[in-house]
Amino acid sequence: MTTLSRLASTIDARKDADPDSSWTAKLLAKGPEKCAEKFGEEAVEAIIEAVKGDRERLTSEAADVLYHLLVMLAARDVTLEDVLAELERREGTSGVAEKASRG
């Protein structure tokens with residue numbers, strides 16, 4: 001099991017936790033829209049650090065992005081396995097061809 005898989009499992013386990021005892025549970029209790037908003041904020045912070053060229057800060061923000069992406073997915077009952085299956089489906093397909101197939 002990878003670190004990302006363990007994190008996804010922990011997030012899933014926190015769905016029913018007390019929001020006062022878990023940041024993840026608190027985010028999930030606020031609903032999918034708030035989880036999406038928080039993911040967006042973290043993505044912007046990562047973009048800023050990428051533009052600045054601060055490798056250490058970018059690494060930290062990228063970790064936040066991955067965590068908040070998994071929380072957002074969990075809020076809509078999309079699993080990491082669902083996303084990995086989609087990536088696997090696309091594997092070996094040109095990005096240009098894959099985009100064209102979506103219309």
Side-chain angles (χ1 to χ4, degrees):
M1 187 177 244
T2 68
T3 301
L4 207 53
S5 297
R6 287 191 303 275
L7 179 57
S9 293
T10 299
I11 290 167
D12 189 55
R14 296 283 176 7
K15 282 183 171 181
D16 297 321
D18 177 3
D20 291 331
S21 68
S22 164
W23 173 250
T24 300
K26 185 177 285 193
L27 281 173
L28 290 167
K30 291 180 180 181
E33 296 82 5
K34 184 63 177 178
C35 294
E37 179 184 325
K38 188 63 180 164
F39 168 72
E41 290 171 9
E42 296 298 338
V44 168
E45 290 174 12
I47 291 165
I48 290 167
E49 296 306 331
V51 170
K52 286 180 175 178
D54 185 329
R55 187 176 189 282
E56 188 175 316
R57 291 292 309 143
L58 175 57
T59 300
S60 177
E61 293 300 338
D64 290 347
V65 167
L66 290 174
Y67 164 76
H68 284 91
L69 172 61
L70 292 173
V71 171
M72 180 180 68
L73 293 172
R76 289 291 188 199
D77 295 318
V78 176
T79 66
L80 176 59
E81 290 76 22
D82 294 334
V83 175
L84 294 175
E86 176 61 15
L87 287 171
E88 189 172 309
R89 184 190 69 76
R90 294 179 186 186
E91 192 173 6
T93 303
S94 155
V96 172
E98 196 281 326
K99 273 216 173 283
S101 74
R102 291 192 259 164

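Heads up: numbering here begins at 1 and tracks the sequence.
- Summarising the geometry of A17 relative to S22, their closest heavy-atom pair is CB-CB, 4.4 Å, with the distance given to 0.1 Å.
- One distance of note links CG of L66 with OG1 of T3; it measures 11.0 Å at 0.5 Å rounding.
- Note on L4: it clusters hydrophobically with V65, by side-chain heavy-atom contacts below 4.5 Å among ILVMFWY residues.
- Rounded to the nearest 0.5 Å, atoms CD (E49) and CZ (R55) are 13.5 Å apart.
- Side chains of R76 and L73 form no contact here, defined as non-hydrogen atoms less than 4.5 Å apart.
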What pairs of donor and acceptor atoms, side-chain ones from residues 26-40 against any protein atom, are under 3.5 angstrom apart with sequence neighbours left out?
unit_1	atom_1	unit_2	atom_2	d
K34	NZ	E37	OE2	3.2
K38	NZ	E42	OE2	3.3

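- Interatomic distance, CG of L58 versus CD1 of I47, reported as 10.5 Å (0.5 Å rounding).
- Looking only at side-chain heavy atoms (C-beta outward), V83 and V78 come within less than 4.5 Å of each other.
- Although no hydrogens or angles enter the test, the distance criterion places a donor-acceptor pair under 3.5 Å between the side chain of D82 and the main chain of T79.
- Note on V44 and V51: separate hydrophobic clusters, where clusters join Ile, Leu, Val, Met, Phe, Trp and Tyr whose side-chain heavy atoms are under 4.5 Å apart, directly or indirectly.
- Here the NE2-CD1 distance, from H68 to I11, works out to 9.0 Å after rounding to the nearest 0.5 Å.
- Expressed to the nearest 0.5 Å, how far CG of D54 lies from OG1 of T59 amounts to 8.5 Å.
- Closest of all the heavy-atom pairs between L70 and A8 is CD1-N, 4.1 Å.
- Residues I48 and L69 do not share a hydrophobic cluster, defined by chaining ILVMFWY side chains whose heavy atoms lie under 4.5 Å apart.
- Side-chain contact check for R6 and S9: no donor-acceptor pair (N or O, by modelled atom type) lies under 3.5 Å.
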